[in-house]
Amino acid sequence: MQALQWDLFCRVIDNFGDVGVCWRLAAQLAGRGQRVRLWVDDASALQWMAPAGCPGVELRAWGAPAPAPHERAPDVLLEAFGCEMDPGLLASSVHRSGATGRKPVWINLEHLSAEPHAERNHRLPSPITSGPAAGWTRWFFYPGFTPATGGLLREPDLLARRSAFDRMGWRKALAASHPQGGSGEGCRWMSLFCYEPPALAELLAQSQSQSQSRCTRLLVTPGRAALAVQAALAPRAVERAHPQHGQLAMTCLQACPQPAFDELLWACDFNAVRGEDSLVRALWAGQALVWQPYPQDDGAHHAKLWAFLDWLQAPPALRQFHARWSGLDSAPLRWPGDDTLAEWSACVQAARARLLAQDDLATQLLGFVLEKR
């Protein structure tokens with residue numbers, strides 16, 4: 001496919017997922033020979049998420065002037081998550097397309113969901129009937145978990161890197177730099193990247209209990225996860241002051257680039273993830289996981305969670321753990337034993353195999369654009 005000019009638009013709401021997804025997509029398109037301008041209203045997270053940048057990807061500030069006449073006009077306009085590009089940029093694209101006689105392919109990349117509407121609305125047109133772009137068509141493109149959707153982001157070499165990863169070497173290196181105990185081979189390793197799960201205090205209490213046969217090394221990511229842990233331990237200030245207590249050893253991590261986050265998920269036996277981007281990365285990791293969707297005031301995230309668990313073909317214990325983790329059930333949290341954790345990992349690996357049989361999101365977008373041009 002020839003090198004096209006992609007203009008991606010991203011607005012950061014209140015977390016890292018929006019820009020994280022957009023950066024991964026931009027980098028993957030550039031890796032396939034495409035040219036990408038990423039327009040983003042808050043690129044601050046990219047300072048640690050992608051400190052080296054990416055050849056072929058150019059960052060533009062939201063609200064910056066439209067591309068100058070000597071710059072290439074966009075062949076593709078992609079609005080992530082319904083962010084709606086700056087009207088001036090749209091007007092500029094309309095003006096330039098009038099001179100060339102070719103309209104860009106205009107795509108609204110939607111949120112990830114396993115709910116039925118993702119398949120139902122994928123690739124549907126939305127004709128524009130008013131404004132400077134009247135007569136144009138914007139297309140809905142839905143990432144998803146099934147062949148009837150747009151797939152998930154996946155680098156071509158991702159599984160090869162996953163297979164070559166030295167898990168024990170990674171653990172030893174972290175244990176050497178953070179000697180809080182809990183580094184033995186018999187210890188369970190868990191990553192925590194969450195919002196404020198209602199069952200977090202319960203998990204911390206169970207994992208530090210002396211009745212546990214194995215210790216737990218909990219790797220806490222910065223931001224909301226770290227604050228949630230502080231709040232959960234607030235009633236036990238003495239325990240909070242010591243990273244090693246009982247069978248639980250906690251390590252608070254620093255923000256890291258995206259490839260290092262993948263390695264964190266690969267290194268752990270159990271991953272707590274949130275939102276969209278980290279869920280996808282946890283699926284590729286192939287380890288047991290618990291997912292917390294972005295909480296919404298109207299409770300829409302409940303249906304999103306159940307739809308995902310249905311697609312995952314989650315066993316009853318994993319469904320129950322998710323329900324308690326997100327506060328949809330008041331039953332006591334059941335910390336998984338070794339056999340249960342192995343069952344959950346097998347479930348995730350079976351789901352990963354289904355996903356690997358489908359084209360990834362970047363491949364499908366490239367094919368769609370080629371079809372519509």
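- At distances below 3.5 Å, at least one donor-acceptor pair connects side-chain atoms of S345 with backbone N or O atoms of A288.
- Within the 4.5 Å cutoff, the side chain of R354 has heavy atoms near those of the W311 side chain.
- Heavy atoms only, all atoms of each residue included: A45 and V19 are closest at CB-CG1, 4.2 Å.
- For R373 and D75, the salt-bridge test passes: some basic side-chain N is under 4.0 Å from an acidic carboxylate O.
- Qualifying side chain to side chain contact (heavy atoms under 4.5 Å, CB included) partners for E155, counting only residues two or more places apart in sequence or in other chains: R24, Q28, D157, L158, R161, R281.
- The main-chain N or O of Y142 is never found under 3.5 Å from a side-chain atom of E110 such that the two would form a donor-acceptor pair.
- Scanning both residues, W106 and T137, for their nearest heavy atoms gives CB-O, 3.6 Å.
- The number of heavy atoms from other shown groups lying within 6.0 Å of CG (D298) is above 12.
- Judged by the 6.0 Å and 45° rule, R123 forms no cation-pi pair with W139.
- Annotation: side chain of C268 is in contact with side chain of L219 (closest heavy-atom distance under 4.5 Å).
- Looking at W6 and L366, their side chains come closer than 4.5 Å, going by heavy atoms from C-beta outward.
- Annotation: W48 is in aromatic contact with F16 [ring centroid separation under 6.0 Å].
- Across all their heavy atoms, K103 and G135 have their closest contact at NZ-O, 3.3 Å.
- When all heavy atoms of L89 and A64 are compared, the pair lying nearest together is CD2-O, 4.4 Å.
- A donor-acceptor pair under 3.5 Å is absent between the side-chain atoms of R274 and the main chain of Y294, judged by distance alone.
- For the residue pair D7/W39, the side-chain donor-acceptor check at 3.5 Å is satisfied.
- Counting non-hydrogen atoms of neighbouring residues, nucleotides and ligands closer than 6.0 angstrom, the CD atom of Q254 reaches no more than 12 such neighbours.
- Taking every heavy atom of both residues into account, R214 and D338 meet most closely at NH1-OD1, 2.5 Å.
- In this structure, Q364 contributes its side chain and G150 its backbone to a donor-acceptor pair below 3.5 Å.
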